[in-house]
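Convention: sequence-line order gives letters A, B, ...; per-chain numbering from 1. The figures that follow rest on heavy atoms only: side chains count, while hydrogens, waters and symmetry mates do not.
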Amino acid sequence: MPELPEVETVVRELRPLLQGKMIRTIEAVWPKTFENRCTRELAGQRIREVARKGKYIVLRLEQSDLVIHLRMTGQLALNTSLTRPLNHIRLIIHFDDGEQLLFNDTRKFGRVYHVCQAREILQRIGKDGLDPQWSDEEFYQMLQNHSVGIKSFLMSQKYISGLGNIYTDESLFRAAVHPLRLSSSLSRKEAQRLFESIRFILTQGVKNMGSTISDYRDAYGNPGKNQYYFKVYGREGQPCLICGTPIEKIKAAGRSTRFCPKCQPLR
DNA sequence: CCATGTACCTGAAGGC
DNA sequence: TGCCTTCAGGTACATG
């Protein structure tokens, strides 16, 4: 479910609600959801900062960090800021003011890691898709240096982080790049256009507060609005909004992949 | 290095 | 109404 725009939406909403809160205990209702990789005491620590890299959420505490990944169906919400109740709560962070941060997750894939340094986890993924430090040239060089399908390049998280199945397909469509192209086969100009497309698609996703297909809800329980802007995702069989050719669905990098065969030629 | 398959889970949707 | 299969915003790990 949640890709960069959905995670960013949740982070922006939670930041003012969580900053300064003191942890009393963590209750792992579904034990596998929680992985404790740091022996420092959690109880008594305050949340100093709520941050994000790629699809990871980071709660920076005073002596250690909590790193959260929502995977497919994870959802975070403060018990006091929800209108409707959650039915698959897997973990609860209890604060000393009596409030609780709820981790709801139907499919149980989501994880909360307690680590001494968030870096232990985050160093293994590439720069965030919306990181201002990116340059066209750096992106182009990365494409050149790896001989992988462009879809799997964008999805891997180790080159650029935050893109998932939806935003990858939308970015490739905007850039007119076929999902089966080889990363190293993109010209400098194509790479530049793809990079611009990724930034545009992610920024638009954030503006629209994420995409809701079925499960995704923000920290207040509200759906996103970005699904109304999809040009290829979920539109297989329907006419391309540019040329009218039916959108196709294939398998790429092991995932369903939508694209316009005319606008995104393989060459 | 790279591609593919499987595992982890639940629930919705489609075919018969 | 079942029952069975397939599919889903993700990632880690095993296997050629």
Asks: To the side chain of A:His146, which of C:dA12, B:dC2, B:dT10 is closest?
Replies: B:dC2

Asks: Between B:dA7 and C:dT5, how far is it from one P atom to the other, in whole Å?
Replies: 16 Å

Asks: Indicate whether OP1 or OP2 belonging to C:dG10 is found under 4.0 Å from a side-chain N or O atom of A:Gln157.
Replies: no

Asks: Just to confirm, is there a sub-4.0 Å distance from OP1 or OP2 of B:dT10 to any side-chain nitrogen or oxygen of A:Lys108?
Replies: yes

Asks: Has A:Tyr216 got its ring stacked on C:dG9, by the test of a centre gap below 5.5 Å and a plane angle below 30°?
Replies: no

Asks: Toss me the dot-bracket line for DNA chain B: Watson-Crick and G-U wobble, both under 3.5 Å, 5' to 3', using | for pairs to another strand and [ ] for crossers.
Replies: .|||||||.|||||||

Asks: Should A:Phe109 be counted as stacked on B:dC8, where stacking needs a ring-centre gap under 5.5 Å and an angle between planes under 30 degrees?
Replies: yes

Asks: Have a look at A:Glu8 and tell me which of A:Lys207, A:Arg52, A:Lys53 forms a salt bridge (Lys or Arg N to Asp or Glu O under 4.0 Å) with it.
Replies: A:Arg52

Asks: Ignoring backbone atoms, test whether A:His88 places a side-chain nitrogen or oxygen under 4.0 Å from the OP1 or OP2 oxygen of B:dC9.
Replies: no

Asks: Would you say A:Tyr167 and A:Glu6 are linked by a side-chain donor-acceptor pair, where the criterion is simply a distance under 3.5 Å?
Replies: yes

Asks: Please determine whether a side-chain nitrogen or oxygen atom of A:Lys55 lies at a distance below 4.0 Å from atom OP1 or OP2 of C:dG10.
Replies: yes

Asks: Heavy atoms only, 4.0 Å cut-off, all strands: where does A:Arg124 land among base, sugar-phosphate and nothing?
Replies: sugar-phosphate

Asks: What N/O pairs connect the protein and nucleotides 6-8 of chain C at under 3.5 Å? Give each pair on its own line.
Replies:
from	atom 1	to	atom 2	distance (Å)
C:dA8	OP1	A:Ser256	OG	2.5
C:dA8	N3	A:Arg107	NH1	3.2

Asks: Taking the P atom in each of C:dC4 and B:dC9, what is the distance between them to the nearest angstrom?
Replies: 22 Å

